[in-house]
Enquirer: 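Let me give you the structure first, and then I'll get to my questions.
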Amino acid sequence: MEPLVNNSAVLVGTFTSGSDEWHAARAKGIGGSEISAIVGLNEYESRFSCYYRKLEKLRPVAESDPMKWGTLLEPIIFAEFMESYVVPRGLHMTTGDTFHHKDRPWQIANPDGLIWNNGELIDLLEIKTAGRDDKWGPRGTDLIPIAYRCQMAWYMDVMGIESGLLRVLIGGNDARTYRITPTREDIEYLRSEGEQFMHDLENHVEPNLDDHTATYNAIKEMHPLIDGSVVQISSELADRWWAVQDAYEEVSDARQGVLNELAMTMGLARVAMCGDEKVAFRQKPRTEGKEPFVKSAPRPKFSTAIAA
């Protein structure tokens, strides 16, 4: 019998992040980093790609450099947070465990930290790192990237608590803590979408195609060869393809014109500002000897609600 942590969560085990055991535990359900993809709120994964990854038709997500360094820095951020926040309050924090909901074993949580008071679970901690602060709100707010909001809500639903803390280290020296309290509507929405996804997975109901880049990359990976055959498509699909190509060329020309004007206006400047808002910046290329290029600054897009 698996140990019941509280009225909601069941301890599955303690696994090293990225290990075979860790992947095996997550393969049986939906983790916090996957639920945002399932509801279409993850910039790196789509519902379609997540579906086929669960069926092992796609390779596991490759570890990027930011992911690698985030993993390496996590114990340091954990220790600093425990020393500054947990210990002064006389609390206790544990880490490294995998849980599932007692009634919904497909609902999985891997919180970076659980905070206890005399054996009672009172809070959880999620740790992130970021290179820039353009996607993060000021201290004292709950403005975080929407995918992380989904992850936090998912973990809180599994663990049976109403709110949780997210600690992010930005640029290597800017540590911020956000208190996230999801609404009941958001939790029920994520739970419903997760349940439908698991039903579709078990019954081999393929997700609809969408406009996510991850979906296109998944399709490419599933069809790596060219067999030389010819396929007929509908006139409706052909018309839409030509129409979108025309629109793309028109927008590309317009974008290039604005980019040229922006680059000329910036000259030798590093950053272009409009009032207090960063619009663009000049970035050095990775190849030595190449000229700097202008890159758009991401426009902050915050939402305090998950459900559409």
Side-chain angles (χ1 to χ4, degrees), residues 33-55 57-62 64 66 132 134-135 145-150 189-190 193 196-197 200-201 204-266 272 274 277-283 285-287 290-303 305-308:
S33 61
E34 295 170 324
I35 187 60
S36 58
I38 289 169
V39 298
L41 295 174
N42 189 311
E43 60 180 313
Y44 303 109
E45 187 91 293
S46 67
R47 189 183 185 109
F48 185 95
S49 60
C50 186
Y51 175 89
Y52 279 103
R53 219 175 295 281
K54 288 290 185 186
L55 292 178
K57 299 291 181 67
L58 299 174
R59 296 184 295 268
V61 176
S64 64
R132 298 190 301 269
D134 49 357
K135 297 181 180 179
I146 189 67
Y148 296 157
R149 185 175 294 277
C150 293
Y189 168 69
L190 294 177
E193 289 295 311
Q196 182 63 52
F197 180 86
D200 292 345
L201 192 66
H204 301 284
V205 179
E206 184 180 83
N208 293 329
L209 291 172
D210 52 49
D211 59 3
H212 203 296
T213 304
T215 296
Y216 179 60
N217 290 335
I219 295 170
K220 288 197 301 180
E221 186 176 333
M222 290 190 295
H223 303 91
L225 304 177
I226 300 175
D227 64 8
S229 62
V230 177
V231 64
Q232 288 290 327
I233 65 173
S234 68
S235 59
E236 185 269 340
L237 179 55
D239 288 343
R240 284 195 291 123
W241 173 251
W242 294 126
V244 79
Q245 286 300 305
D246 289 342
Y248 180 78
E249 291 177 8
E250 183 177 347
V251 169
S252 295
D253 290 343
R255 181 186 183 279
Q256 189 63 56
V258 176
L259 177 61
N260 294 347
E261 183 177 352
L262 182 60
M264 189 64 176
T265 303
M266 291 182 71
C274 182
E277 182 177 3
K278 182 189 294 185
V279 177
F281 57 93
R282 295 174 72 236
Q283 180 171 307
R286 293 184 178 180
T287 305
K290 297 291 185 179
E291 295 78 14
F293 57 91
V294 175
K295 187 172 182 179
S296 177
R299 297 190 69 176
K301 295 180 180 178
F302 299 115
S303 174
I306 296 170

Enquirer: Report, as yes or no, whether the 6.0 Å neighbourhood of atom OH on Tyr216 holds more than 12 heavy atoms from other residues, nucleotides or ligands.
Expert: no

Enquirer: Ignoring hydrogens and geometry, is there a side-chain-to-backbone donor-acceptor pair from Arg282 to Lys295 under 3.5 Å?
Expert: no

Enquirer: To the nearest 0.5 angstrom, please state how far the OG1 atom of Thr215 sits from the CD atom of Glu45.
Expert: 8.5 Å

Enquirer: Which heavy-atom pair separates Ala280 from Met266 by the least distance, and what is that distance?
Expert: O-CE, 4.2 Å

Enquirer: Hey, could you give me the OH/OG distance between Tyr44 and Ser36, rounded to the nearest 0.5 Å?
Expert: 11.0 Å

Enquirer: Just by distance, do the side chain of Arg149 and the backbone of Ser303 share a donor-acceptor pair under 3.5 Å?
Expert: yes

Enquirer: About how many Å separate CG of Leu237 and CD of Gln232, when rounded to the nearest 0.5 Å?
Expert: 11.5 Å

Enquirer: With a 4.5 Å heavy-atom cut-off, do Lys278 and Asp134 have their side chains touching?
Expert: no

Enquirer: Starting at CD1 of Ile38, measure out to NZ of Lys54 and round the result to the nearest 0.5 Å.
Expert: 7.0 Å

Enquirer: Pairs of donor and acceptor atoms involving the side chains of residues 238-254, under 3.5 Å and at least two apart or interchain, shall be tabulated with distances.
Expert:
{"unit_1": "Arg240", "atom_1": "NE", "unit_2": "Glu236", "atom_2": "OE2", "d": "2.5"}
{"unit_1": "Ser252", "atom_1": "OG", "unit_2": "Tyr248", "atom_2": "O", "d": "2.8"}

Enquirer: Taking the side chain as C-beta and beyond, is there a heavy-atom pair between Ser49 and Leu58 under 4.5 Å?
Expert: yes

Enquirer: Going by heavy atoms in the side chains, are Lys57 and Glu221 under 4.5 Å from each other?
Expert: no

Enquirer: With side-chain contact (heavy atoms from CB on, under 4.5 Å) as the test, pick out the partner of Arg47 among Asp200, Asn208, Val39, Asn42.
Expert: Asp200

Enquirer: About how many Å separate CZ of Phe197 and CG of Leu190, when rounded to the nearest 0.5 Å?
Expert: 13.5 Å

Enquirer: What is the minimum heavy-atom distance between Ile146 and Ala305, and which atoms define it?
Expert: CD1-O, 3.7 Å

Enquirer: Closest approach of Leu209 and Phe48, non-hydrogen atoms and distance?
Expert: CD2-CE1, 3.7 Å

Enquirer: Quick one: side-chain hydrogen bond (donor to acceptor under 3.5 Å, both in side chains) partners of Glu43, sequence neighbours excluded?
Expert: Lys135

Enquirer: First locate atom CG of Leu201, then atom CD of Gln196, and finally report the distance between them rounded to the nearest 0.5 Å.
Expert: 11.5 Å

Enquirer: Looking only at heavy atoms, what is the nearest atom pair of Cys150 and Ile35, with distance?
Expert: O-CG2, 3.9 Å

